[in-house]
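For ligands, and for the atoms within them, numbers begin at 1 and follow the listed sequence.
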Amino acid sequence: MFGAVVRDALGVARGVGTRPPAGGRLPRPVIEIVERDDGLITGVMAAGYLAEPDQWPAHDRRALDLVHGRVLDVGVGAGRAALALQERGVPVTGLDISPGAIAVCRARGVRELAHASVEEHAAAGQRYDTFLLLGNNLGLLEGRERAPGFLDALARMASPGARVIAQGTDPYGTTDPVQVGYHKRNREHGRFGGQLRLRLRYRELATDWFDYLVCSVDELSELLSGTGWELSALDDTDAPYYLATLEHRNGRRV
Ligand SMILES: C[S@@+](CC[C@H](N)C(=O)[O-])C[C@H]1O[C@@H](n2cnc3c(N)ncnc32)[C@H](O)[C@@H]1O
């Protein structure tokens with residue numbers, strides 16, 4: 001599903017390949033439809049997944065300045081960050097569970113790619129100095145059940161002194177009654193307020209329902225407890241968006 005979105009976004013950007021039917025000569029924007037379990041429907045302009053650094057939010061550009069050593073771009077998408085790092089001469093591998101996303105990354109010139117989950121890739125024995133989770137990909141922690149396993153897989157791939165650089169969003173500043181009501185219902189069911197239950201749609205395709213976590217820094221700290229990962233720095237200049245830097249207690253350089 002995500003692969004078809006970024007494949008068509010690439011088609012629109014390049015003017016070749018598969019694209020949504022334009023019904024004329026004007027290109028149509030490719031929009032990833034996000035459906036939430038309370039019925040809320042929103043859309044993401046897929047062109048953003050291909051954007052160049054000068055079009056990014058400033059915190060994404062600052063994230064690139066925080067990486068060191070070998071980088072694993074977790075949930076690489078269409079490869080915007082991996083390409084920017086390659087351009088700087090940084091060794092980077094893009095990892096994604098979507099075969100279509102991997103194909104688009106390859107077509108755009110990302111050299112090192114892994115079609116795998118973090119657990120599968122951890123079993124391959126590679127080691128990294130930075131795990132980069134951009135585009136709200138702190139959301140891949142999902143919630144209390146999934147986060148320990150996900151963070152453990154990263155720890156198994158961590159070189160001494162490795163860091164996670166993850167972009168998140170604090171969902172709780174809003175007064176929108178739809179959002180406030182959703183957060184309240186989630187908490188009543190033992191979930192984080194911003195533990196979104198989503199499925200993605202594009203044309204005739206739909207994913208299964210999955211959890212995607214939009215959490216406050218306090219909630220992130222709760223999830224880190226007992227994992228060995230600690231919050232070592234926070235950039236919330238562009239609040240409600242933030243960049244969290246995590247370091248592993250057993251992996252500090254001496
Ligand atoms: C919101 S997009 C972000 C893409 C990219 N990081 C960016 O900033 O443009 C999420 C990406 O994560 C991938 N993804 C989702 N779940 C994943 C998982 N469990 N492991 C690895 N990648 C995953 C999706 O296929 C998609 O490419």
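- Closest to atom 5 (C) of ligand 1 among all protein heavy atoms lies G75 O, 3.3 Å.
- Y182 and D37 share a side-chain donor-acceptor pair at under 3.5 Å.
- Atom 2 (S) of ligand 1 has its closest protein heavy atom at Y49 CE2, 3.8 Å.
- Cation-pi geometry between R163 and F131 is not satisfied (NZ or CZ under 6.0 Å from the ring centre, within 45° of the ring normal).
- Which parts of ligand 1 touch G77 is read off a 4.0 Å heavy-atom cut-off, strictly below it: atoms 4 (C), 27 (O).
- Looking at atom 15 (C) of ligand 1, its nearest protein heavy atom turns out to be L140 CD2, 3.7 Å.
- At a heavy-atom cutoff of 4.0 Å, ligand 1 is contacted by the side chain of N137 but not by its backbone.
- At a heavy-atom cutoff of 4.0 Å, ligand 1 is contacted by no atom of D60, backbone or side chain.
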For this session: Mind running salt bridge (Lys or Arg N to Asp or Glu O under 4.0 Å) on D60 and R80 for me, showing each step along the way?
Result: CA-CA 10 Å; D60 280 357; R80 66 185 176 105; 3.0 Å; yes
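- Side-chain contact check for F150 versus L133: some heavy-atom pair is nearer than 4.5 Å.
- Those atoms of ligand 1 that come under 4.0 Å of a heavy atom in G135, given as number and element, are 1 (C), 8 (O).
- Scanning the protein heavy atoms around atom 14 (N) of ligand 1, the nearest turns out to be I97 CG1, 3.9 Å.
- Within ligand 1, counting atoms from 1 as listed, the ones closer than 4.0 Å to a heavy atom of V76 are 5 (C).
- For the pair R249 and W229, the cation does not sit on the ring face, since its NZ or CZ is not both under 6.0 Å from the ring centre and inside 45° of the axis.
- Under the 6.0 Å distance and 45° angle rule, R144 counts as a cation-pi partner of F192.
- Near S98, meaning under 4.0 Å from any of its heavy atoms, are these atoms of ligand 1: 25 (O).
- Using a 4.0 Å cut-off between charged nitrogen and carboxylate oxygen, R62 and D238 count as a salt-bridge pair.
- Not one N or O of L95 is nearer than 3.5 Å to an N or O of ligand 1, by distance alone.
- In terms of protein heavy atoms, atom 27 (O) of ligand 1 is closest to D96 OD2, 2.6 Å.
- The aromatic rings of H183 and Y172 lie perpendicular to each other, with more than 60° between the two planes, well past the 30° mark.
- For the 3.5 Å distance criterion, the side chains of S216 and D170 fail to qualify, holding no donor opposite an acceptor.
- Every atom of ligand 1 with a heavy atom of L134 under 4.0 Å away is listed here by number and element: 6 (N), 8 (O).
- Ranking protein heavy atoms by distance to atom 7 (C) of ligand 1, first place goes to R80 NE, 3.3 Å.
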